[in-house]
Amino acid sequence: MLTAQQAIDHLLSHAQTVTESEEVKTQAALGRILAENVNSLVDVPPLDNTAMDGYAVRIADVHVPGAILRIAQRIPAGSIGTQLEPSTAARIFTGAPVPSGADAIVMQEDCTLPEGQVEQVQINVTPAVGQWIRRKGEDLTAGKTALVAGTFLRPQELGVAASAGLTHLSVKRRVRVAAFFTGDELALPGEPLKPGGIYNSNRDTLLACLKSLGCDATDLGIVPDRLDATRQALRQASKGHDLIITSGGVSVGEEDHIKPAVTAEGRLDLWQIAIKPGKPLAFGAVRKSDKPEDGEAWFIGLPGNPVSSFVTFLLFVRPFILKLQGRDVIAPQSYPMRADFDWLKADRRNEFLRVKINSQGGLDLFPNQSSGVLTSASWGDGLVDCPPGEAIKAGDMVKYIPFSALLS
Ligand code: AMP
Ligand code: MG
């Protein structure tokens with residue numbers, strides 16, 4: 001049996017980052033992976049400017065509180081003032097460039113306008129040099145790196161790219177993944193369920209996981225539990241895709257055809273991974289044609305149980321895809337958190353428990369941890385990574401991985 005980390009390391013040692021990239025509009029780049037470093041076209045901010053509505057002053061004029069200055073100019077955002085002469089102040093508004101000669105901003109709340117003296121302001125404080133001044137280039141410097149290749153683009157990165165002046169970004173092409181779902185018992189929602197039938201939930205879970213990671217996903221539907229049908233689906237899936245994922249049929253029972261089908265169409269390792277839920281996982285590759293130069297599509301076969309396929313996707317398929325995408329960070333962020341539950345039956349396997357953060361800042365456990373109970377995952381907001389042979393007692397610190405860290 002492999003540990004989860006051994007399985008991940010093995011997968012990562014095979015995955016090779018896609019080389020093709022494309023130009024997309026900055027505002028269309030959400031969820032994409034930056035292919036090249038982005039250098040800023042401009043200084044941000046472009047000039048020293050004020051962080052407050054108030055008055056630009058010369059420190060030399062306001063050594064004692066109560067100094068009275070003449071208001072010699074007015075500078076709204078978007079316009080440039082003139083040299084600030086001694087004993088004068090400039091009325092100034094947030095974002096407006098600080099006029100030359102000024103070395104501090106006094107916010108308007110710290111000033112009074114002497115009665116009947118429309119052109120004068122009384123400064124009631126003694127500001128420090130640089131107070132409320134945002135320095136030119138303190139956010140980004142022209143010509144310097146604003147975003148690095150391999151970054152997963154979130155809303156804030158799109159904003160940084162826009163502030164750097166970029167209309168377009170070079171991003172990795174999307175990873176292309178085909179998925180099919182094995183099982184004679186499966187039906188699609190909307191279809192009648194025959195006796196013994198169940199709805200195919202893995203389709204919606206896994207296709208949505210792929211979309212969350214920014215993949216192009218192709219749904220090849222339900223494939224019956226027959227060797228020829230499974231081989232046919234694999235041949236179809238290999239065309240035009242980097243990776244094939246499947247659910248179900250990875251055990252070695254008579255009704256499990258993944259292993260012989262992938263072996264016939266390419267090559268396969270069937271792994272037993274010491275995790276729960278999960279355990280069997282198939283990893284291999286499927287030939288794209290009879291010609292070796294046409295290459296292969298990677299293959300990962302997940303177990304059929306809905307929680308098992310979801311968790312094994314997050315633990316094993318996600319890092320593989322992130323490596324294909326060329327992402328800079330692959331391991332999901334985890335946090336030490338307090339367990340507010342007992343989990344006393346320590347398992348020989350590394351367990352991934354469905355939990356939820358409670359209002360006391362601890363973790364609650366979903367009562368039914370069966371690998372068939374998918375509501376455990378929708379109730380929960382993450383997983384506790386419980387090492388093999390370790391029980392958990394209420395109050396213990398545990399390793400918590402939020403689903404949000406596993407779905408992006
Ligand atoms: P298998 O891995 O094929 O032995 O399936 C294990 C369990 O998962 C069985 O109870 C299947 O009915 C169930 N299962 C397999 N595929 C799916 C699916 N796509 N959606 C929901 N349940 C499934
Ligand atoms: Mg099956």
Side-chain angles (χ1 to χ4, degrees), residues 1-2 4 7 177-212 215 217-234 236-237 243-265 268-284 299-318 349 351-352 354 366 368-380 407:
M1 279 225 231
L2 298 175
V177 187
F180 65 84
F181 310 92
T182 74
D184 286 340
E185 72 279 34
L186 301 180
L188 288 183
E191 292 173 356
L193 272 187
K194 60 179 187 192
I198 56 162
Y199 287 124
N200 177 1
S201 61
N202 292 345
R203 174 178 81 146
D204 291 273
T205 312
L206 296 177
L207 292 176
C209 285
L210 290 169
K211 295 210 177 90
S212 298
C215 298
T218 307
D219 175 15
L220 295 177
I222 295 167
V223 171
D225 286 321
R226 291 198 325 263
L227 182 59
D228 60 338
T230 312
R231 288 186 61 174
Q232 164 62 29
L234 287 169
Q236 192 190 346
L243 170 66
I244 304 166
I245 63 168
T246 62
S247 79
V250 279
S251 303
V252 282
E254 282 161 39
E255 297 292 337
D256 296 310
H257 299 291
I258 288 292
K259 185 170 195 246
V262 181
T263 306
E265 296 294 331
L268 184 90
D269 282 333
L270 193 56
W271 295 346
Q272 299 298 320
I273 306 177
I275 61 162
K276 200 173 162 189
K279 196 156 142 191
L281 190 91
F283 175 60
F299 175 87
I300 301 179
L302 305 174
N305 273 308
V307 183
S308 306
S309 67
F310 179 53
V311 169
T312 51
F313 181 96
L314 300 179
L315 296 180
F316 305 114
V317 183
R318 176 186 176 273
R349 291 187 270 164
E351 290 194 84
F352 290 88
R354 274 76 67 210
F366 192 76
N368 187 339
Q369 292 286 326
S370 157
S371 62
V373 175
L374 191 56
T375 46
S376 65
S378 83
W379 174 90
L407 285 168

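Atoms within a ligand are numbered from 1 in the order they appear, just like the ligands themselves. One is the number of the first residue; the rest follow in order along the sequence. In this text, all values refer to a predicted model and were calculated from it rather than measured experimentally.
Contact record, L270 with A282: CD1-CB, 3.8 Å, taken as the closest heavy-atom pair.
For the side chain to side chain contact (heavy atoms under 4.5 Å, CB included) test with V317, the passing option among T312, L206, I300 is I300; the others fail. With respect to S371, the side chain to side chain contact (heavy atoms under 4.5 Å, CB included) criterion is satisfied by exactly one of P277, P303, P306: P277.
Judged by distance alone, with hydrogens and angles left aside, the side-chain atoms of T263 form no donor-acceptor pair with the main-chain N or O of L268 at under 3.5 Å. Listed for the S247 side chain is no donor-acceptor partner under 3.5 Å among the backbone atoms of G301. Remark: side-chain polar atoms of N200 are not paired, donor with acceptor, to backbone N or O of L186 under 3.5 angstrom. Checked by atom type and distance alone, the side chain of D269 never pairs as donor or acceptor with a backbone atom of W271 at under 3.5 Å.
Of the protein's non-hydrogen atoms, N202 ND2, 3.3 Å is the one closest to atom 17 (C) of ligand 1. The nearest protein atom to atom 3 (O) of ligand 1, hydrogens excluded, is given as G249 N, 2.9 Å; this is a heavy-atom distance. Among all non-hydrogen protein atoms, the one lying nearest atom 14 (N) of ligand 1 is G304 O, 3.3 Å. The nearest protein atom to atom 4 (O) of ligand 1, hydrogens excluded, is given as D256 OD1, 4.2 Å; this is a heavy-atom distance. The closest protein non-hydrogen atom to atom 9 (C) of ligand 1 is E185 OE2, 4.1 Å.
Distances below 4.0 Å separate heavy atoms of Y199 from the following atoms of ligand 1: 20 (N), 21 (C). The distance from ligand 1 to the heavy atoms of N200 drops below 4.0 Å at these ligand atoms: 18 (C), 19 (N), 20 (N). Interface of S247 with ligand 1, defined as ligand atoms under 4.0 Å from a residue heavy atom, comprises 19 (N).
By the 4.5 Å heavy-atom criterion applied to side chains, I273 and R349 are not counted as neighbours.
Between I198 and ligand 1, a contact under 3.5 Å exists for no N or O pair. Taking only nitrogen or oxygen atoms, main chain and side chain alike, N305 reaches within less than 3.5 Å of ligand 1. Looking at V250 next to ligand 1, no N or O pair under 3.5 Å apart turns up. Residue contacts with ligand 1: S201 is placed with a nitrogen or oxygen under 3.5 Å of a nitrogen or oxygen of the ligand (distance criterion only).
For the atom pair CG of L407 and CZ of F310, the computed distance is 5.0 Å after rounding to the nearest 0.5 Å.
Heavy atoms of P306 come nearer than 4.0 angstrom to ligand 1 in at least one pair.
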